[in-house]
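Heads up: the structure comes next, in structure tokens.
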Amino acid sequence: MKITDIRATTVTVPLEAPLRHSNGAHWGRFVRTVVEVETDEGITGLGEMGGGGESAALAFAGLKTYLVGHDPFDLNRMRYAICNPTASLYNNRTQLHAALEFACLDIVGKKLGVPVYQLFGGRVRDEIKFASYLFYRYPNPESGSGEVRTIEQLVEHAKALKAKYGFTTHKLKAGVFHPDYELECYLTLAAAFPNDTLRFDPNCALSVEQALRFGQAISGLRNDYFEDPTWGFCGMRRLREKLSTPLATNTIVIDFEQLATNVRDPAVDVVLLDTTFWGGIRACIRAAQICEAFGLSIAVHSSGELGIQLATMLHLGAVLPNLVFAADAHYHHLLDDVIAGGKMVYVNGCIPVPNGPGLGIALDPEKLETYAELYRALGSYPYDRDPVRPQWYPLLPNTDFADPGDETAPHFRLR
């Protein structure tokens, strides 16, 4: 079997409301690039990568000369063809490789008539549990609904998600407002769900001292972990020496050199594995095995997925015996998807692992074109900018937090 063509289509899919984070916002939609890898046997594999827009599509087109004629079963050779470590000093293609690996695994599974999880020794669970993944949100510019800014709105939103999807773990994406206010939010959230577990993620926005005060204040709660409270190995090590709550990261341990550093001189207890950031499902499985050997915990990270990447997260979670935490997913914030049959369905806070050949999902061609056309109409948005504070940019650690009393709403097109 040989690869004959690679097609990359950038889409933008609307969200319920704009999602705020410590570095800016998702402006009411996600921008993703869908990759289709065709073969001479008529089998097409699907991949997905976040962001990039037109530049991502061009980057995939530029890899055709590397991959046309390549056997999709030869994943080791493909990895070195695309992202040889020395060559990657000039062209870091890890995330491009991830999307292409997804597609090749999809092809291999379809060719053999088995789900991707069977390619890795079979699944140990039939469904993957997810956290609620709470964001502070601007109101939807069209409907005016969906705002999460006050403590009351946050708790109401969490209760609505729990009632609709069955979540029993709640993650608050933070670093937007001053940590004193966010501490009040988090404590109130914990009181509202005394039997559920929680996790807090300010996206490295806090100084070590702010993070220490915050970590000490939440130490008695049912925390899964304290995620990326501050930036860097040294800062995280300082916190780990003083806090009882486990520390987690998806920012400072995202490759094997960093993982080795954390094994030798621990800074975090939980490594969040992202099928895009690590360069594919196979790399995440290898990292999970290393973590298991050294007594480090793991979880599955979300980078703003549509259904294709969500399928990779499900197959990954299915084969990891040491996955004891609920996975993250932005997925419930989406209004639609590009996969056939519409969005995957949560049942009691879980999503079943697809059982069909390959990734077990298919594209909806009409939806793909609809959201490709929407992208062509709207273009990209600056992830690291706040639409309501156009002159603001985040410091690290941040000293200029948003005002929770500011009711200003954004104005931009979503359609």
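Bear in mind that the values here come from a model prediction, so they are computed numbers and not experimental data.
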Do you know the tightest heavy-atom contact between [X] and [Y]?
X: Gly280; Y: Ala98; value: N-CB, 3.6 Å
X: Thr169; Y: Arg199; value: CG2-NH2, 3.6 Å
X: Asn223; Y: Ile218; value: ND2-O, 2.7 Å
X: Asp384; Y: Pro394; value: O-CD, 4.4 Å
X: Pro352; Y: Leu314; value: O-CD1, 3.8 Å
X: Leu243; Y: Ala211; value: CD1-O, 4.4 Å

[X] [atom1]: over 12 foreign heavy atoms closer than 6.0 Å:
X: Phe256; atom1: CZ; answer: yes
X: Arg376; atom1: CZ; answer: yes
X: Glu54; atom1: CD; answer: no
X: Glu156; atom1: CD; answer: no
X: Lys242; atom1: NZ; answer: yes
X: Lys64; atom1: NZ; answer: yes
X: Lys111; atom1: NZ; answer: no
X: Tyr165; atom1: OH; answer: yes

Hey, what do you get for [atom1] ([X]) to [atom2] ([Y]), rounding to the nearest 0.5 Å?
X: Ile281; Y: Leu119; atom1: CD1; atom2: CG; answer: 9.0 Å
X: Tyr371; Y: Leu306; atom1: OH; atom2: CG; answer: 10.0 Å
X: Met49; Y: Phe60; atom1: CE; atom2: CZ; answer: 4.5 Å
X: Phe30; Y: Glu305; atom1: CZ; atom2: CD; answer: 7.0 Å
X: Thr150; Y: Glu407; atom1: OG1; atom2: CD; answer: 9.5 Å
X: Phe193; Y: Arg222; atom1: CZ; atom2: CZ; answer: 13.0 Å

Could you go through Leu363 and Thr44, starting from their C-alpha distance and side-chain angles, then the distance that decides it, and tell me whether this counts as side-chain contact (heavy atoms from CB on, under 4.5 Å)?
CA-CA 11 Å; Leu363 276 180; Thr44 299; over 6 Å; no

Are the side chains of [X] and [Y] in touch, meaning some heavy atoms are under 4.5 Å apart?
X: Pro14; Y: Leu335; value: yes
X: Pro115; Y: His315; value: yes
X: Trp278; Y: Val253; value: yes
X: His26; Y: Tyr383; value: yes
X: Ile285; Y: Leu320; value: yes
X: Ile351; Y: Ile128; value: no
X: Arg413; Y: Arg29; value: no
X: Tyr117; Y: Pro354; value: no

For the pair Thr245 and Ser219, evaluate side chain to side chain donor-acceptor pair (under 3.5 Å) and give the outcome as yes or no after the intermediate values.
CA-CA 6 Å; Thr245 302; Ser219 62; 5.9 Å; no

Does Asp269 use its side chain to pair, donor to acceptor, with the backbone of Leu247 at less than 3.5 Å?
yes

If you measure from the Lys or Arg side-chain nitrogens to the Asp or Glu carboxylate oxygens, is any gap between [X] and [Y] under 4.0 Å?
X: Arg32; Y: Glu48; value: yes
X: Arg389; Y: Asp406; value: no
X: Arg20; Y: Glu147; value: no

How far apart are the C-alpha atoms of Glu127 and Asn348, what are their side-chain angles, what is the distance that settles it, and do they pass the side-chain contact (heavy atoms from CB on, under 4.5 Å) test?
CA-CA 10 Å; Glu127 59 187 14; Asn348 296 323; over 6 Å; no

Taking it one step at a time, do Phe412 and Tyr381 satisfy ring-ring contact (aromatic ring centres under 6.0 Å, His included)?
CA-CA 10 Å; Phe412 46 73; Tyr381 63 85; 8.4 Å; no

For the pair Asp196 and Thr168, evaluate side chain to side chain donor-acceptor pair (under 3.5 Å) and give the outcome as yes or no after the intermediate values.
CA-CA 5 Å; Asp196 295 351; Thr168 57; 5.2 Å; no

Decide side-chain contact (heavy atoms from CB on, under 4.5 Å) for Val208 and Leu239; before the verdict, give the C-alpha distance in whole Å, the side-chain angles of both, and the deciding distance to 0.1 Å.
CA-CA 7 Å; Val208 174; Leu239 290 177; 4.0 Å; yes

Between [X] and [Y], ring centroids under 6.0 Å:
X: Phe325; Y: Tyr225; answer: yes
X: Tyr133; Y: His330; answer: yes
X: Tyr181; Y: Phe401; answer: no

How are the rings of Phe200 and Phe226 set relative to one another: parallel (under 30°), tilted (30 to 60°) or perpendicular (over 60°)?
tilted

Among side-chain atoms of Tyr393 and Asp400, is any donor-acceptor pair under 3.5 angstrom?
no

Quick one: side-chain hydrogen bond (donor to acceptor under 3.5 Å, both in side chains) pairs with a partner in residues 95-105, sequence neighbours left out?
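Residue pairs with at least one partner in residues 95-105: Glu101-Arg282.
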
Single hit among Phe130, Tyr346, Tyr331 for ring pair (Phe, Tyr, Trp, His ring centres under 6.0 Å) with Phe167
Tyr346

Stepwise, does the side chain to side chain donor-acceptor pair (under 3.5 Å) test hold for Ser380 with Tyr375?
CA-CA 7 Å; Ser380 297; Tyr375 174 76; 2.9 Å; yes

Give the C-alpha distance, both sets of side-chain angles, the deciding distance and a yes or no for side-chain contact (heavy atoms from CB on, under 4.5 Å) between Ser22 and Asn398.
CA-CA 8 Å; Ser22 71; Asn398 195 22; over 6 Å; no

